[in-house]
Amino acid sequence: MLSKIQGLLEEIKGLQAASAQELEELRIKYLSKKGRVNDLMADFRNVPNEQKREIGMKINELKTAAQDKLNALRQALAVREDDGLDALDLTRTPYPAPIGTRHPLTIVRNRIINIFSRMGFTLADGPEVEDDWHVFGAMNFADDHPARDMQDTFFTDQNAGILLRTHTSSVQSRVMEQVQPPIRVICPGRVYRNEAISARAHCFFHQVEGLYIDENVGFTDLKQVMLTFAREMFSPETEIRLRPSYFPFTEPSAEMDISCQICHGDGCSLCKGTGWLEILGCGMVHPNVLKLNGIDPEKYKGYAFGMGVERIANLLYRVRDLRLFSENDVRFLEQFTTAY
Ligand code: PHE
């Protein structure tokens, strides 16, 4: 009897089941009423009394071992089924559902648009592939101005003067040729320049330009709008500084700085010790530009400004390498979250 039990125990240890059906067959064979383990119970009646205790324990051990083994086989089968293609539900929502984030340049551009919209500016748009007239001619560039040079401008057809716009001032020209003042527009968009790509320069970047034309517009209007913009964009304590500059399309022209957001004027590495950070160009629209675009310079005056979105994003986020903005590396992109 003992050797029979031992033999069964060995047999059970080596059991294998490749399917649920095989497993059920094994259960019937060993553990059902008419199974091997119960057969032993029948024999048990004939066991002499003095051996009953020992053999009873062995039979119980065998029964537990058989149950454990079948349970283990059942679990192994379940795991294998989960792995299988049948168990893969391609329609199930993956959790956590990854949601995208806005591109940092979109965030900054939207903030700029939002600030100027609240001051009454509307959006204007224009083509990125432009003609020489709207980019340069209508903007009072001399025929031999170096910006037209192959060095700075990507021409798609130099003879026909078709090129990738180098600034969004072309949109200002397109607006002026279509509507008479009052004009209050901002023109956000991508621009292209023939620059070697590095951490600090790229062959394309983004601008937001603004144009305001009406009767009695003065430099003070420009200055106040720029101050309001700087304080909304950066912080309420921000100061601005206007330095004389030159653009063919504005007179007078200025370069605008904001007080350094880190040292607040004391001088640090961000502002290179000056306490100021340059953020945009601006000025009063040159009378020639008004005339060239069909607006009477005797009646109307205006101001214009233009800023680089990357430049402002750099100041807000301290991005060290401009190339990160266009490489689409999610490890960079997912760091920016906002309500805009
Ligand atoms: N168009 C200028 C630029 O690219 C920016 C600017 C716009 C300056 C309007 C003054 C007024 O760089």
Side-chain angles (χ1 to χ4, degrees), residues 109 112-113 116 119 121 123-128 130-142 145-149 151-154 163-176 183-195 200-213 217-219 221-227 229-230 240-258 277-290 292-293 295 297 300-314 322:
R109 185 201 61 195
I112 298 170
I113 292 174
F116 284 106
M119 290 194 273
F121 287 78
L123 283 177
D125 203 358
E128 290 180 20
E130 258 293 6
D131 50 43
D132 188 286
W133 169 254
H134 289 97
V135 176
F136 300 124
M139 285 292 128
N140 199 34
F141 280 74
H145 194 283
R148 281 196 168 97
D149 203 302
Q151 292 293 308
D152 291 305
T153 306
F154 288 117
L163 47 92
L164 298 180
R165 67 182 180 194
T166 56
H167 56 180
T168 44
S169 302
S170 53
V171 184
Q172 301 186 15
S173 163
R174 286 192 175 272
V175 171
M176 286 186 274
I183 292 173
R184 289 181 209 93
V185 290
I186 46 168
C187 328
R190 182 176 286 181
V191 299
Y192 302 81
R193 288 182 196 178
N194 192 358
E195 306 246 11
R200 304 180 57 86
H202 214 298
C203 59
F204 66 84
F205 60 99
H206 301 80
Q207 286 189 328
V208 178
E209 291 208 9
L211 177 68
Y212 191 116
I213 305 176
V217 177
F219 200 88
D221 299 310
L222 168 64
K223 194 177 168 192
Q224 188 57 40
V225 165
M226 291 300 103
L227 179 64
F229 165 71
I240 62 166
R241 176 174 87 167
L242 292 161
R243 282 178 291 110
S245 184
Y246 173 79
F247 299 105
F249 33 90
T250 47
E251 182 58 35
S253 304
E255 217 60 82
M256 187 175 106
D257 300 337
I258 55 165
L277 302 162
E278 186 185 318
I279 66 158
L280 56 81
C282 58
M284 300 306 291
V285 180
H286 198 294
N288 283 355
V289 172
L290 296 174
L292 287 164
N293 291 282
I295 290 171
Y300 295 109
K301 301 221 172 325
Y303 63 74
F305 53 89
M307 64 191 88
V309 181
E310 280 84 348
R311 169 90 187 130
I312 293 186
N314 271 342
L322 212 54

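Just so you know, ligand 1 is whichever comes first in the structure, and atom 1 is the first atom listed for that ligand.
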**Student:** Would you check if there is a donor-acceptor pair between the side chains of Gln207 and His167 at a distance under 3.5 Å?
**Tutor:**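 No - no donor-acceptor pair under 3.5 Å links their side chains.
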
**Student:** Does even one non-hydrogen atom of Gln207 get within less than 4.0 Å of ligand 1?
**Tutor:**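 Yes, Gln207 has heavy atoms under 4.0 Å from ligand 1.
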
**Student:** If the cut-off is 4.0 Å to any non-hydrogen atom of Ser169, which atoms of ligand 1 fall inside it?
**Tutor:** 1 (N)

**Student:** Any idea which protein heavy atom is nearest atom 12 (O) of ligand 1, and the distance to it?
**Tutor:**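 Residue, atom and distance for the closest contact: Arg193 NH2, 3.4 Å.
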
**Student:** So which heavy atom in the protein is nearest atom 9 (C) of ligand 1, and how far is it from that ligand atom?
**Tutor:**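 For this ligand atom, the closest protein heavy atom is Phe305 C, 3.4 Å.
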
**Student:** Using a 4.0 Å heavy-atom cut-off, which part of Cys282 comes near ligand 1: side chain, backbone, both, or neither?
**Tutor:** backbone

**Student:** I'd like to check which ligand 1 atoms, numbered from 1 as shown, lie under 4.0 Å from a non-hydrogen atom of Ala304.
**Tutor:** 9 (C), 11 (C)

**Student:** Just by distance, do the side chain of Asn293 and the backbone of Ala138 share a donor-acceptor pair under 3.5 Å?
**Tutor:** yes

**Student:** Could you check whether Glu278 pairs with Arg243 (Lys NZ or Arg NE/NH1/NH2 to Asp/Glu carboxylate O, under 4.0 Å)?
**Tutor:**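 Yes, this pair counts.
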
**Student:** Give yes if a backbone or side-chain nitrogen or oxygen of Gln172 is under 3.5 Å from a nitrogen or oxygen of ligand 1, and no if not.
**Tutor:** no

**Student:** Does the structure place the NZ or CZ of Arg190 under 6.0 Å from the centre of the six-membered ring of Phe204, at an angle of no more than 45° from the ring's axis?
**Tutor:** yes

**Student:** For Glu209, is at least one N or O under 3.5 Å away from an N or O on ligand 1?
**Tutor:** yes

**Student:** For ligand 1, is Glu255 a contact, meaning one of its heavy atoms is under 4.0 Å away?
**Tutor:**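 No, Glu255 has no heavy atoms under 4.0 Å from ligand 1.
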
**Student:** Do Glu195 and His202 come within less than 4.5 Å of each other through their side chains, counting heavy atoms only?
**Tutor:** no

**Student:** Treating Asn140 as the side-chain partner and Pro248 as the backbone partner, does any N or O pair qualify as donor plus acceptor under 3.5 Å?
**Tutor:**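 Yes, because the side chain of Asn140 sits within donor-acceptor range (under 3.5 Å) of the backbone of Pro248.
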
